[in-house]
There are 2 protein chains.
Amino acid sequence: MKEFEKLSERQRNILFFMDHYMTEHGFPPTIRDIGAATGIDSTSVVNYNLNKLVDAGFLERVASKSRGLRLIKAIPNGRNVMVKSTDSLLRVPHVGTIVAGHPVNVEPEVDHANAVEVPQQWLSGVDPKDVFALTVHGDSMIDAMIADGDLVILRKTTTARNGDMVAVWLDERNETTLKYFYDEGSRIRLQPANPTMGPIFVDYRHCQVQGKVLSVMRRLK
Amino acid sequence: MKEFEKLSERQRNILFFMDHYMTEHGFPPTIRDIGAATGIDSTSVVNYNLNKLVDAGFLERVASKSRGLRLIKAIPNGRNVMVKSTDSLLRVPHVGTIVAGHPVNVEPEVDHANAVEVPQQWLSGVDPKDVFALTVHGDSMIDAMIADGDLVILRKTTTARNGDMVAVWLDERNETTLKYFYDEGSRIRLQPANPTMGPIFVDYRHCQVQGKVLSVMRRLK
DNA sequence: TTTGACAATGAACTTATGTTTGGGTTACAA
DNA sequence: TTGTAACCCAAACATAAGTTCATTGTCAAA
């Protein structure tokens with residue numbers, strides 16, 4: 001990594017030590033820890049080099065917080081534990097399939113065996129408690145750019161904001177569908193994700209939001 | 001998890017907050033942080049409960065060190081279980097965007113800063129070394145059921161088997177596209193993922209496979 | 001040689017943060 | 001009642017740990 005080579009030896013040592021210390025302890029070292037490990041006996045020098053590393057994009061610092069350090073770039077031969085531990089996998093219950101003609105059951109029997117692992121970053125910071133997953137069955141969601149077999153991650157909710165992609169139950173049409181949601185006052189506009197297709201309009205009384213779509217994941221064979 | 005249920009509500013909240021704070025900041029919270037987040041306004045009470053959590057085997061503490069905390073057990077989260085996993089999450093280099101009219105550069109400068117984290121299960125057992133990610137720009141892949149902003153995970157390859165979804169460079173059309181690949185001997189048939197659309201046929205000499213699509217991930221706002 | 005940017009120093013300083021103390025409440029058993 | 005255990009509280013305390021500053025060394029450009 002070219003960028004890495006441009007750092008001073010001290011700075012590289014600091015990064016190595018950071019990485020090592022994190023794996024060892026689960027939290028970042030102090031300035032004095034770093035100094036002791038890299039042979040720098042002035043905290044200000046460590047501080048100076050830490051700021052250099054921030055400038056170079058290798059670190060993040062939170063001012064005036066003890067151990068307010070974070071590795072944000074992989075380093076050669078590093079274990080990158082920091083980077084990885086910032087993003088945990090979440091086991092999201094897989095509660096079934098979504099098929100046109102059937103409402104989605106959003107109060108599922110908890111079945112941990114049927115769980116999907118999702119990187120937390122794909123949940124947009126939503127409380128994991130409210131998250132569930134569905135597999136789309138059939139081609140009924142094609143106008144939402146969602147194919148047969150796709151996994152849809154949703155947040156359980158009964159309300160939506162304009163622009164959200166939601167799973168809605170349309171009792172007039174007797175189907176569940178995934179569309180972008182727009183409240184136009186007198187009616188709800190449901191816009192397909194595929195821009196070549198037109199919207200449908202429904203009365204809000206016939207439009208029950210079941211969940212907000214957070215992400216869609218498709219696994220090819 | 002039975003052990004978890006035996007904890008007091010405060011103690012469970014502390015664990016939830018710890019977990020949340022760690023993912024958010026990359027380092028553990030202070031006693032006062034925990035207190036503020038869980039409605040405990042005495043540091044000694046937080047301290048008391050932290051020690052209880054150590055006894056129960058959920059935490060490790062390092063005495064007299066600031067933020068000397070470490071979660072050592074997965075926490076059930078209502079019906080979701082957090083998995084602190086380092087090896088089932090892979091960092092895949094994100095090498096750019098795929099846009100109609102431009103070939104994909106599959107020999108990228110590896111920049112670990114621009115990496116996406118993907119659960120290993122979504123890589124279908126492919127050697128992680130060969131995996132890279134692209135963001136799709138524009139609506140040119142709509143016939144492949146892939147929308148603007150989608151993240152596509154690919155395996156670097158120049159060959160494909162029938163039925164694979166591949167990224168191909170079509171020099172006659174001067175574009176890169178994602179299609180299902182079928183070698184029909186005399187020609188290559190490229191089938192859009194959207195079953196309502198028809199295939200295109202090209203000579204194999206004008207069809208350069210750049211990668212096989214492993215999965216597609218879409219993150220909604 | 002002078003200049004200036006960069007790097008290093010160590011001590012003083014400030015504040016962030018863990019620990020202790022002395023005292024409370026509640027529930028329950030003896 | 002008394003005692004005890006588990007839990008909770010506020011404030012005082014001690015120290016862990018980040019920041020600042022005046023000064024010095026290094027080295028290349030002017």
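Labels below follow one simple rule: chain letters A, B, ... track the order of the sequence lines, proteins then strands, and each chain is numbered from 1.
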Under 4.5 Å between any side-chain heavy atoms of [X] and [Y], yes or no?
X        : Y        : result
B:Leu59  : B:Leu15  : yes
A:Val209 : A:Thr159 : no
B:Val216 : B:Met145 : no

Can you name the ring-ring contact (aromatic ring centres under 6.0 Å, His included) partners of A:Tyr180, sequence neighbours left out?
none
Could you state the [atom1]-[atom2] distance from [X] to [N], rounded to the nearest angstrom?
X       : N      : atom1 : atom2 : answer
B:Asp55 : D:dA6  : CG    : P     : 11 Å
B:Asn51 : D:dC8  : CG    : C1'   : 14 Å
B:Leu53 : D:dC7  : CG    : C1'   : 14 Å
A:Asp33 : D:dA17 : CG    : C1'   : 9 Å
A:Ile34 : D:dT19 : CD1   : C1'   : 15 Å
B:Ile31 : D:dA12 : CD1   : P     : 18 Å
A:Asn47 : D:dG18 : CG    : C1'   : 7 Å
B:Arg32 : D:dA12 : CZ    : P     : 13 Å

Nucleotide N/O of nucleotides 23-25 of chain D paired with protein N/O under 3.5 Å:
none

Could I get the full list of side chain to side chain contact (heavy atoms under 4.5 Å, CB included) partners for [X], not counting sequence neighbours?
X        : answer
A:Arg189 : A:Tyr182, A:Glu184, A:Gln191, A:Pro199, A:Phe201
B:Asp164 : B:Ala160, B:Arg161, B:Val166, B:Lys212
A:Asp203 : A:Arg205, A:His206

For residues 28-39 of chain A, which residue pairs pass the salt bridge (charged side-chain N to carboxylate O under 4.0 Å, His left out) check, not counting sequence neighbours?
A:Asp33-A:Arg67
Could you note down all residue pairs passing salt bridge (charged side-chain N to carboxylate O under 4.0 Å, His left out) where residues 45-54 of chain A supplies at least one of them, sequence neighbours left out?
none
Of all residues at least two apart in sequence or in a different chain, which pass the side chain to side chain donor-acceptor pair (under 3.5 Å) check with B:Thr158?
none
May I ask you to verify if any side-chain N or O of [X] is less than 4.0 angstrom from the OP1 or OP2 atom of [N]?
X       : N     : answer
B:Tyr48 : D:dC8 : no
B:Asn49 : D:dA6 : no
B:Arg10 : D:dC9 : yes

Under a criterion of less than 4.0 angstrom to any heavy atom of chain A, what are the 5'-terminal and 3'-terminal contacting nucleotides of DNA chain C?
C:dC6 to C:dT17
Starting from the C-alpha separation in whole Å, work towards a yes-or-no answer on salt bridge (charged side-chain N to carboxylate O under 4.0 Å, His left out) for B:Arg218 and B:Asp150.
CA-CA 5 Å; B:Arg218 180 179 309 149; B:Asp150 281 10; 2.8 Å; yes
Starting at the 5' end of DNA chain D and moving along, which residue's nearest nucleotide shows up first, B:Lys65 or B:Ser8?
B:Ser8
Over 60° means perpendicular and under 30° means parallel, so classify the ring planes of B:His25 and B:Tyr21, tilted if in between.
parallel
Counting only N and O atoms by type, is there a donor-acceptor contact under 3.5 Å from the side chain of B:Arg12 to the main-chain atoms of B:Leu7?
yes
Non-neighbouring partners of A:Asp183 that pass salt bridge (charged side-chain N to carboxylate O under 4.0 Å, His left out), sequence neighbours left out:
none
Close approaches to DNA chain C from residues 37-45 of chain B, in residue order (heavy atom, under 4.0 Å):
B:Thr43, B:Ser44
Estimated bend of the helix from C:dT1-D:dA30 to C:dA30-D:dT1 (axis per five terminal pairs, rounded to 10 degrees)
10°
